Q: 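Once you've had a glance at the structure underneath, I'll fire off some questions.
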Amino acid sequence: MPQYQAVKGARDIFPEESAQWKYVEGVIHTVASLYGFSEIRTPVFEYTELFQRGIGSTTDIVGKEMFSFLPDPNGRSITLRPEMTAGVMRAALQKNILSAAPVHKLYYIGELFRKERPQAGRQRQFSQFGAELLGVSTPAAVAEVITLMMQVFESLGLRNLRLRINSLGDSDDRFRYREALKTYFAPFHDRLDDSSKERLEKNPLRILDSKNPAIQEIVAGAPRLYDYLSVASVEDFEKVLYYLQERGITYEIDHRLVRGLDYYCHTAFEVTSSELGAQDAIGGGGRYDGLARELGSSSEVPASGFAAGMERVLLTMEKQGLFAALTPQGPVVYVVLQQAELADHGMQVAWRLRKAGIRTEIDLAARSMKAQMRDANRMRASWALFIGSAEVTTGLYAFKNLVTSEQTTLSLEAVLETLHETASGELQK
RNA sequence: GUGAUUGUAGCUCAGUUGGUUAGAGCGCCAGGUUGUGGCCCUGGAGGUCGGGGGUUCGAGUCCCCUCAUUCACCCCA
């Protein structure tokens with residue numbers, strides 16, 4: 001065992017995998033710009049109160065999963081961000097961007113931190129991409145957010161995803177429903193588990209998505225939130241669904257879908273992947289008109305957004321073989337040294353090739369020619385350029401096509417000419 | 001935080017009822033080919049058997065503790 005290991009729940013991404021990340025990030029940037037969303041980058045830490053106010057102190061995230069610390073003895077507590085939305089909203093309010101333009105469409109890719117036990121598809125440091133649409137939360141706006149998310153998934157080639165959607169109504173709807181739930185659950189109180197009892201106190205809606213079979217049995221007979229929605233709330237929800245239908249986005253209405261963050265209202269949604277284990281949520285989001293007020297804004301900022309787990313997206317793509325076409329870019333030319341003493345000349349040649357825009361590799365470890373050639377082969381180099389004493393004195397180099405094994409003797413200028421003739425020097429494999 | 005699981009070479013894993021200097025395949029390095037790869041052959045480097053304690057004449061194998069891993073619960077992306 002090495003003396004040092006990565007911190008529990010944190011992992012390294014080596015080149016083979018980072019190529020996959022770059023690819024996925026590229027798709028996100030492209031699709032986001034299609035929808036007119038611009039990238040925002042906010043700090044990885046914020047004052048702890050931001051999350052307590054924004055996410056809600058009854059949530060598990062705030063209650064037990066935050067990495068918080070005091071920067072100095074008299075300082076204010078700081079927390080590594082466990083989610084993005086609160087920070088984005090804080091940034092928008094701080095700069096007062098909505099007074100300059102009433103609607104802002106922002107997206108992000110960033111690292112988050114949550115102190116949970118790691119398991120499949122869950123790390124303590126993980127990444128999400130997502131979008132926040134600030135200033136309007138009409139059905140068209142909410143549908144826009146969902147559509148953007150689904151189009152990113154589609155552009156990545158993801159299959160077998162399930163989109164579930166629900167309406168949480170406005171605060172009046174939820175107040176009436178909450179009372180109804182309390183009276184429904186009262187006679188069952190003795191049969192509830194501890195966490196359900198606590199939820200009933202603090203946030204009764206969360207009982208609905210309990211995984212405990214005994215609780216679910218009781219939940220089955222509970223009143224439906226849908227039946228407590230006002231006419232306006234129902235119309236709003238139906239309109240969102242209308243847009244989704246128009247765009248051929250298939251969804252399932254799930255009356256039990258609640259979501260764990262306090263700031264959601266009206267439309268809430270979640271996408272799951274059948275390729276993942278227990279942690280199968282790949283993305284989710286909803287409308288959160290109340291968040292800005294919660295953060296001290298003098299006026300309401302209607303808003304909606306989604307967040308998707310990068311690791312879970314990557315995991316699903318891997319399982320579905322979507323990275324097969326991603327081949328690493330090898331060198332075009334491998335400069336092979338006959339003897340280590342010729343390294344100075346070889347370095348000079350390699351440098352000139354690179355200055356001319358040719359991806360060039362050269363052994364820096366003074367290994368044997370056999371090892372250099374094996375290396376060139378493994379890296380799928382197109383050409384080998386040999387440096388021996390003859391080459392150094394004549395300035396003419398043995399230049400070998402590694403696919404056909406044909407070899408000629410050329411000056412460096414002629415080599416460059418040959419490489420520029422074939423498309424950037426790369427040979428068909 | 002709870003439960004279970006696994007920890008032997010860089011990687012994947014063998015290791016028989018506890019019994020001498022702990023093995024294989026792949027990978028790595030070198031040689032076979034004194035200036036040329038992909039195949040093949042030969043050799044080499046690399047291990048405090050996660051760590052600590054205990055039982056025993058003797059522990060990679062048994063017991064205890066500890067650390068780490070993985071999966072699941074809780075919850076979430």
Side-chain angles (χ1 to χ4, degrees), chain A residues 1-9 11 55 58-65 82-85 109-130 149 153 193-196 198-199 203 206 209-213 215 258-261 269-273 276-285 305-316 334-339 342 365-392 397-407 409 429:
Chain A
M1 273 306 114
Q3 189 173 3
Y4 290 106
Q5 293 183 59
V7 171
K8 183 203 288 289
R11 54 190 296 270
I55 304 172
T58 66
T59 61
D60 281 23
I61 291 180
V62 171
K64 58 178 194 184
E65 295 174 5
E83 62 100 52
M84 284 285 193
T85 304
I109 303 174
E111 291 73 46
L112 273 9
F113 306 85
R114 265 130 88 158
K115 196 161 59 190
E116 304 179 275
R117 266 302 242 294
Q119 72 186 76
R122 169 191 283 164
Q123 298 289 319
R124 286 183 160 188
Q125 179 181 333
F126 63 104
S127 300
Q128 287 184 348
F129 71 91
M149 176 181 72
F153 292 153
D193 57 30
D194 288 348
S195 76
S196 294
E198 202 183 319
R199 289 179 190 182
N203 191 349
R206 299 260 315 285
D209 58 9
S210 172
K211 280 187 193 167
N212 185 335
I215 304 299
V258 175
R259 318 234 71 233
L261 288 72
F269 54 90
E270 185 168 303
V271 176
T272 52
S273 161
L276 302 177
Q279 308 308 320
D280 61 352
I282 203 173
F306 78 86
M310 290 288 285
E311 287 81 0
R312 293 182 188 179
V313 167
L314 276 278
L315 225 48
T316 303
Y334 197 111
V335 175
V336 179
L337 300 172
Q338 186 204 341
Q339 315 147 30
L342 301 170
R367 288 135 86 213
S368 67
M369 279 188 82
K370 185 195 186 92
Q372 294 175 65
M373 288 299 283
R374 205 186 316 119
D375 218 20
N377 218 44
R378 186 175 29 234
M379 291 174 164
R380 314 185 74 210
S382 296
W383 307 85
L385 189 148
F386 294 92
I387 310 264
S389 41
E391 280 81 356
V392 171
Y397 300 89
F399 188 54
K400 183 173 188 173
N401 181 321
L402 290 177
V403 177
T404 63
S405 293
E406 287 171 51
Q407 186 168 319
T409 304
K429 301 272 177 8

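Every chain is numbered from 1, with letters handed out A, B, ... down the list of sequences. Since the structure is predicted, the reported quantities are computational estimates derived from the model, not experimental observations.
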Q: In whole Å, measure the gap between the C1' atoms of B/U70 and B/C28 for me.
A: 28 Å
Q: Rounded to the nearest 0.5 Å, what's the gap from CG on A/Asp280 to CD on A/Glu270? Could you check?
A: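 So the CG of A/Asp280 and the CD of A/Glu270 are separated by 7.5 Å.
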Q: Picking from B/A30, B/G1, B/G37, which would you name as closest to the side chain of A/Leu402?
A: B/G37
Q: With hydrogens left out and only the distance checked, is there a donor-acceptor pair under 3.5 Å joining A/Gln407's side chain and the base of B/U36?
A: yes
Q: Given B/U36, is OP1 or OP2 found less than 4.0 Å from the side-chain N or O atoms of A/Arg374?
A: no
Q: Compare the minimum distances between each of B/G32, B/A77, B/G37 and the side chain of A/Arg312, then state the nucleotide with the smallest one.
A: B/A77
Q: So if I take every side-chain heavy atom of A/Ser368 and compare against B/A30, B/C71, B/C74, which nucleotide ends up nearest?
A: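 The answer is B/A30, which lies nearest to the side chain.
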Q: Respond yes when some side-chain nitrogen or oxygen of A/Gln5 is under 4.0 Å from OP1 or OP2 of B/C67, and no when none is.
A: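 So the side chain of A/Gln5 is outside the cut-off, no N or O lying under 4.0 Å from OP1 or OP2 of B/C67.
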Q: Mind checking the OG1-CD spacing from A/Thr272 to A/Gln279? Nearest 0.5 Å is all I need.
A: 12.5 Å
Q: Look at the side-chain N and O atoms of A/Gln338 and state whether any lies under 4.0 Å from the OP1 or OP2 oxygen of B/G35.
A: yes
Q: Which whole number of Å gives the distance between the P atom of B/C67 and that of B/C73?
A: 24 Å
Q: Looking only at the side chain of A/Ala281 (C-beta and beyond, no hydrogens), which of the listed nucleotides B/C74, B/G35, B/A77 gets closest?
A: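 Nearest to the side chain of A/Ala281 among the choices is B/A77.
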Q: Given A/Leu337, which partner from the list A/Gln372, A/Met369, A/Arg367 fulfils the side-chain contact (heavy atoms from CB on, under 4.5 Å) test?
A: A/Gln372
Q: When you compare B/G37 with B/G19, how far apart are their P atoms, in angstrom units rounded to a whole number?
A: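 It works out to 47 Å between them.
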Q: Let me know, please, whether A/Glu65 or A/Ser389 comes out on the 5' side of the other along RNA chain B by nearest nucleotide.
A: A/Ser389
Q: Tell me which nucleotide, if any, is Watson-Crick or G-U wobble paired with B/A24 when both distances must be under 3.5 Å.
A: B/U12
Q: What I want to check is whether an N or O donor and acceptor connect the side chain of A/Lys400 with the base of B/G35 at under 3.5 Å.
A: no
Q: If we take the P atom in both B/U36 and B/U42, what is their distance in whole Å?
A: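 Their P atoms lie roughly 22 Å apart.
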Q: I want to verify a distance call: between B/A30, B/C74, B/U36, whose nearest atom is closest to the A/Met373 side chain?
A: B/U36
Q: What's A/Glu116 touching, base or sugar-phosphate or nothing? Going by heavy atoms closer than 4.0 Å.
A: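 Base: the residue A/Glu116, judged by heavy atoms under 4.0 Å, touches a nucleobase.
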Q: Between B/G15 and B/G23, how far apart are the C1' atoms? Round to whole Å, please.
A: 7 Å
Q: Sticking with atom C1', work out how far B/U17 lies from B/A59, rounded to a whole angstrom.
A: 14 Å
Q: Nearest whole angstrom, please: distance from the C1' of B/G27 to the CZ of A/Arg378.
A: 9 Å
Q: Does a side-chain N or O from A/Gln119 land closer than 4.0 Å to OP1 or OP2 of B/C71, or not?
A: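 Result: no.
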Q: Identify whether a stacking contact exists between A/Phe126 and B/A77, where the ring centres must be under 5.5 Å apart and the planes under 30° apart.
A: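 Yes, aromatic ring over the base.
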Q: Any base atoms under 4.0 Å from A/Arg367, or only sugar-phosphate, or nothing? Heavy atoms, all strands.
A: sugar-phosphate
Q: When you measure from the side chain of A/Asp60, which nucleotide among B/G31, B/U2, B/C74 comes out closest?
A: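 Closest nucleotide to the A/Asp60 side chain: B/C74.
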Q: If you look at every heavy atom in A/Phe269 and A/Gly305, which pair is closest and at what distance?
A: CZ-O, 3.7 Å
Q: Take atom C1' in B/G46 and the same atom in B/A24, then report the distance between them in whole Å.
A: 15 Å
Q: Give, for atom NZ of A/Lys115 and atom CD of A/Gln125, the distance between the pair rounded to the nearest 0.5 Å.
A: 15.5 Å
Q: Just to be sure I understand the rule, does A/Ala384 reach a base, reach only the sugar-phosphate, or reach nothing, if contact means heavy atoms closer than 4.0 Å?
A: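 Since no nucleic acid heavy atom lies under 4.0 Å of A/Ala384, the category is nothing.
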Q: Any base atoms under 4.0 Å from A/Ala307, or only sugar-phosphate, or nothing? Heavy atoms, all strands.
A: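 Sugar-phosphate only.
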Q: Which nucleotide sits closest to the side chain of A/Lys8: B/A30, B/G38, B/U69?
A: B/U69
Q: Which part of the nucleic acid, if any, lies within reach of A/Glu391 when heavy atoms closer than 4.0 Å are counted: base, sugar-phosphate only, or nothing?
A: base
Q: What's the spacing between A/Phe126 CZ and A/Leu112 CG if we round to 0.5 Å?
A: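 Reported to 0.5 Å precision, the distance equals 4.0 Å.
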Q: Assign A/Gly121 to base, sugar-phosphate, or nothing according to its heavy-atom contacts below 4.0 angstrom with the strands shown.
A: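 Answer is base: heavy atoms of A/Gly121 come under 4.0 Å of a base.
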Q: With rounding to whole Å, what would you report as the distance between B/C74 and B/U8 at their C1' atoms?
A: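 The answer is 35 Å between these two C1' atoms.
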Q: Which value, rounded to the nearest 0.5 Å, describes the distance between A/Arg380 atom CZ and A/Leu402 atom CG?
A: 12.0 Å
